[in-house]
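To start, the structure itself, in structure tokens.
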Amino acid sequence: MRQGENAQHVIDRVKTKLEELKPSLPEGVEVVTTYDRSDLIGRAISTVTDKLIEEMIIVSLIILLFLWHIPSAIVPILTIPISVVLAFIPMYLMGLNANLMSLAGMAISIGVLVDGAIVEVENAYNRIYLWQAGGKKGDFHEAREDRRALPDGTQRGRLEEPSQGSFHKVRLDALMEVGPSVFFSLLVIAVAFMPVFTLVDQEGRLFKPLAYSKNLAMAIAALLAITLDPAMRMLFARIEPFRFRPRPLAWLASQLAVGKYYSEERHPISHLLHRIYEGPCRFVVRHAKLTVIASLVVVALTLPVYFKLGSEFMPPLREGSLLYMPSAVQPGMSVAEAQKALQVQDKILMSFPEIDRVFGKAGRAGTSTDPAPFTMMETTILLKPELQWREKPRWYSSWAPNWLKRVLRTAWRDRITEEELISELDAALRLPGISNAWTMPIKGRLDMLSTGIRTPIGIKVSGADLSVIQKIGLEVESAIQKMPETRSVFAERVAGGYFLDFVLDRDKLARYGLSVDDANMMVMTAVGGDNQTTTIEGRQRYGVNVRYARDFRDDVDALSRVLLPLPGGQGQIPMAEIAEVKLVEGPSMIRDENGLLTGYVYVDFDTSKIDVGRYVERAKQAVASGVRLPTGYALSWSGQYENMLRVKERLKIILPLTLVLIFGLLYLNTRSSFKAGVVMLAVPFSAVGAIWLLYVLGYNVSIAVWVGMIALMGLDAETGVFMLLFLDLSHDEAKARGRLRTTGDLVEAIIHGAVKRVRPKAMTVCAAFIGLLPIMWSTGTGADLMKRVAAPMVGGLVTSFVMELLVYPAIYFLWRRKEVAEGPATLGPHGGNAELSAVVSP
């Protein structure tokens, strides 16, 4: 396939061409597909598309539940599909495909796309309720033109200006209050994800489509938050119920288009949240210092858990097929032996019920990019759908009906895993003199192209002498083979190739009147074969190749008796008269990296039992204690480990850059380094939940996990900004009304800012959190990769939200207490300020 082509389109065109060629094939001839990547593409797209739909439905239900008002909920609900659909337009113009990663970028941002719309409609909801409670002063929707007749019979127009309390102005003021802050909060999320674009090499090509699609969807959502969302709210919001007949239909229309507005105290969801949150909030404010110390202890206790996490370059992307790549330990395998080994391997593989078809290859293809000897074999294994795999009984297997099993197996798998299948295959294919290696077709090709290593880990031995390199490789093989985690290890016999040499004696050649070319031509013709002529059969041409029969060339003695014709027809002489025929050993293939000769040691281990980072640490210890390197020779660890180290160095730049960008944006918004620093506390708070969830799920730290961490930083900044702004608004409102004289008044103002506005904060966090859950319970192709991105976001959102609700009020109290005198509240709970419920959200 040419670079830049779409794989799915190319495969479809190839299939179409094969269908066109079918009638022209000879009878009994059939073209059998041995590997088809389009099935993998289709399954991956189907998985992420299903999750997108599930997320849209779940987030919509969350919005309806929290707002408890259908007309208000329609705006954010419509924002989700509109943002997603419009994001495909710039993606198309940029040449981005709709693949697993680009669609995953939209999937992880579904819950965040509606944050702006949620805050806007929630603020308008509260404003409209207060306007209703205030008597609907100036209740009309638009200016009215009063036309009066003049004495001459003409009319004069007079435009009455709407009063400050008109419904139209209430909606407009509510939307204008939050528009800039909403746009800024979405901008923080988008900009915080920008450092992902600095990734390079394999990880850059994989995650840049995700970053593009996520940022494009967020940018469109931010644009809709200040254009379409206010327009829909202004055009379709109503305050008066319908009064047409029949009355039941009018009542239904009023529920759908008008609804009922509740105060924060009487709103069903707000009332529940206030009861849950007010007690803990008062406790943490009264014990502010203890709360801050406890939060620091929680963060500190999480650090040891982080160091217990494993590490890897990339989580597994199950392709639905396997690539078995064994190597013969000793070089010099013949064509017949390679064919026999392939047949035995294929027979064993096909005995497993999970395998649909196998196709083995030994030697090199007709291309210079695949210089593989007969000792290196490749077998592509196509697997059946997982539902046809052997059953692994679970607690529900004996009694649950099929429809219930489909639901339960998402949490409790009732089929053997791919790791278990590979372990069984590896145990069954323990053939003498052959070392096994297991990977997947696409993954194996990418690994070989990027590092040259086809196994999870490889060791490159570099030096000046191939025989010494081979000796070191064998010592490394022996040391690593003793490790219990090792599945197989194979050191290339770089100096162990077999060659048949004809050493010509030039003096004897001259005595018989022969040249070196004459002798070489005879060797080539007799041993290797040479095309002597071409036969013509219609439009077809066939070369006629001539060489000695096998009996005359099957050993060294027979080759020594090969007869060479003398010039001028003077007779023939045996090859032994003019050359020494002998078998010698030498390098079968010479590798050269960084100006040094190199040999590879391939290491395969079960990645489901131990991570790459820990395995390499133990392997390095084993090699250091069992192998002594001569001067001028070096070992370098490659494969996934090499990629992992490259990403680690890149992240040392990316993560600080992300934090600096977020802090800079927060400072521009708050104009206070203290406030920006307080908001940045959300980063360690979220790390607590992210790390613990990764630990519980058994996930390793990988580039996918770090991408999820980077996305989480933007979400944390948004929720932190909301919380701090609510506290600021409540504090400033109380101060402006002269109701902030003592620490008791300050506590009531903080409680009001935190508790009375908990619903919009909980709504945005729940939309983002629950919107990610369909990814966490997915099991299809590509789910493992998406889960690693979503897991830190899921865990981090929980702890950051809980700790922000509890720690931010305590920090705010410690910061502001110097402004007031010590003493109890002077005006009762909440400072007696019922109007503070009108405080706007960001």
Side-chain angles (χ1 to χ4, degrees), residues 195-196 198-204 206-207 210 302-318 419 438-440 443 446-447 450-451 453 455-460 480 483-487 602-624 635-656 658 683-684 686-713 784-796:
V196 176
T198 63
L199 294 175
V200 296
D201 297 328
Q202 186 176 344
E203 61 274 13
L206 187 62
F207 285 100
L210 182 145
T302 306
L303 291 176
V305 180
Y306 172 76
F307 291 109
K308 291 182 179 181
L309 297 177
S311 57
E312 62 185 357
F313 169 60
M314 197 74 71
L317 174 60
R318 304 300 178 189
E419 291 82 5
W438 300 91
T439 182
M440 291 174 282
K443 183 179 183 298
L446 291 176
D447 290 342
S450 59
T451 63
I453 304 297
T455 50
I457 294 297
I459 305 161
K460 298 179 179 180
I480 296 180
M483 295 176 58
E485 301 91 351
T486 302
R487 189 153 55 192
Y602 301 101
V603 183
D604 188 22
F605 62 96
D606 192 348
T607 54
S608 66
K609 296 180 180 178
I610 186 171
D611 61 282
V612 174
R614 287 198 183 96
Y615 182 86
V616 172
E617 289 178 3
R618 298 179 187 178
K620 283 183 175 180
Q621 296 174 359
V623 171
L635 300 179
S636 59
W637 297 77
S638 187
Q640 292 185 30
Y641 183 72
E642 180 181 345
N643 295 329
M644 192 174 70
L645 291 181
R646 183 185 66 250
V647 170
K648 184 179 179 180
E649 295 301 317
R650 177 68 59 169
L651 288 174
K652 291 180 181 178
I653 302 173
I654 292 177
L655 294 180
T658 304
V683 174
S686 63
V688 171
I691 291 171
W692 277 101
L693 184 60
L694 291 172
Y695 179 76
V696 170
L697 295 176
Y699 290 169
N700 298 321
V701 177
S702 64
I703 180 61
V705 169
W706 282 115
V707 168
M709 288 284 196
I710 293 172
L712 177 62
M713 292 179 188
D784 290 331
L785 184 61
M786 292 192 297
K787 286 179 180 179
R788 267 63 173 189
V789 178
M793 300 173 67
V794 170

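What's counted below: heavy atoms across the whole structure, side chains too, no hydrogens, waters or symmetry copies.
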Once rounded to the nearest 0.5 Å, what's the spacing between atom [atom1] of [X] and atom [atom2] of [Y]?
{"X": "I457", "Y": "I459", "atom1": "CD1", "atom2": "CD1", "answer": "8.5 Å"}
{"X": "I703", "Y": "N643", "atom1": "CD1", "atom2": "CG", "answer": "11.0 Å"}
{"X": "I691", "Y": "Y695", "atom1": "CD1", "atom2": "OH", "answer": "12.5 Å"}
{"X": "E312", "Y": "S702", "atom1": "CD", "atom2": "OG", "answer": "5.0 Å"}
{"X": "M314", "Y": "E203", "atom1": "CE", "atom2": "CD", "answer": "6.5 Å"}
{"X": "E485", "Y": "R618", "atom1": "CD", "atom2": "CZ", "answer": "5.0 Å"}

Sub-4.5 Å side-chain heavy-atom contact between [X] and [Y]:
{"X": "M713", "Y": "L655", "result": "yes"}
{"X": "F605", "Y": "M483", "result": "no"}
{"X": "L317", "Y": "D784", "result": "no"}
{"X": "M644", "Y": "W637", "result": "no"}
{"X": "T607", "Y": "Y615", "result": "no"}
{"X": "F313", "Y": "V647", "result": "yes"}
{"X": "L210", "Y": "V196", "result": "no"}
{"X": "R650", "Y": "V200", "result": "yes"}

For [X] against [Y], the heavy-atom pair lying closest together:
{"X": "G708", "Y": "M793", "value": "O-CG, 3.4 Å"}
{"X": "G796", "Y": "L712", "value": "CA-CD2, 3.7 Å"}
{"X": "L694", "Y": "A791", "value": "CD2-CB, 4.1 Å"}
{"X": "N700", "Y": "S311", "value": "CB-N, 3.9 Å"}
{"X": "G795", "Y": "L693", "value": "N-CD2, 3.5 Å"}
{"X": "Y699", "Y": "L309", "value": "O-CD2, 4.1 Å"}

Open item on the list: Run the side chain to side chain contact (heavy atoms under 4.5 Å, CB included) test on T198 and I653 for me, step by step, so that the C-alpha distance in whole Å, both residues' side-chain angles and the decisive distance to 0.1 Å come before the verdict.
Closed with: CA-CA 9 Å; T198 63; I653 302 173; over 6 Å; no
Expected output: side-chain [X] to main-chain [Y] donor-acceptor under 3.5 Å:
{"X": "T486", "Y": "I480", "result": "yes"}
{"X": "S638", "Y": "G458", "result": "no"}
{"X": "D604", "Y": "W438", "result": "yes"}

Task: By side chain to side chain donor-acceptor pair (under 3.5 Å) - contacts of D201 (at least two apart) - done: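 Only R646 meet the side chain to side chain donor-acceptor pair (under 3.5 Å) criterion with D201.
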Open item on the list: Restricting to side chain to side chain donor-acceptor pair (under 3.5 Å), what partner residues turn up for R318, sequence neighbours left out?
Closed with: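 Expected list: E418, E419.
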- [ ] With side chain to side chain contact (heavy atoms under 4.5 Å, CB included) as the test, would you mind laying out the steps for R487 and K609 before giving the verdict?
- [x] CA-CA 11 Å; R487 189 153 55 192; K609 296 180 180 178; over 6 Å; no
TODO: Name the orientation class of the two ring planes belonging to Y306 and W706 (parallel below 30°, tilted from 30 to 60°, perpendicular beyond 60°).
DONE: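 Answer is perpendicular, since the angle exceeds 60°.
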Task: Presence of salt bridge, E649 and K652, under 4.0 angstrom - done: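 Counted as a salt bridge, because a side-chain N and a carboxylate O are separated by less than 4.0 Å.
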Open item on the list: So for atom NZ, which belongs to K648, do other residues, nucleotides or ligands contribute more than 12 heavy atoms lying within a distance under 6.0 Å?
Closed with: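 Not buried by this count: 12 neighbours or fewer within 6.0 Å.
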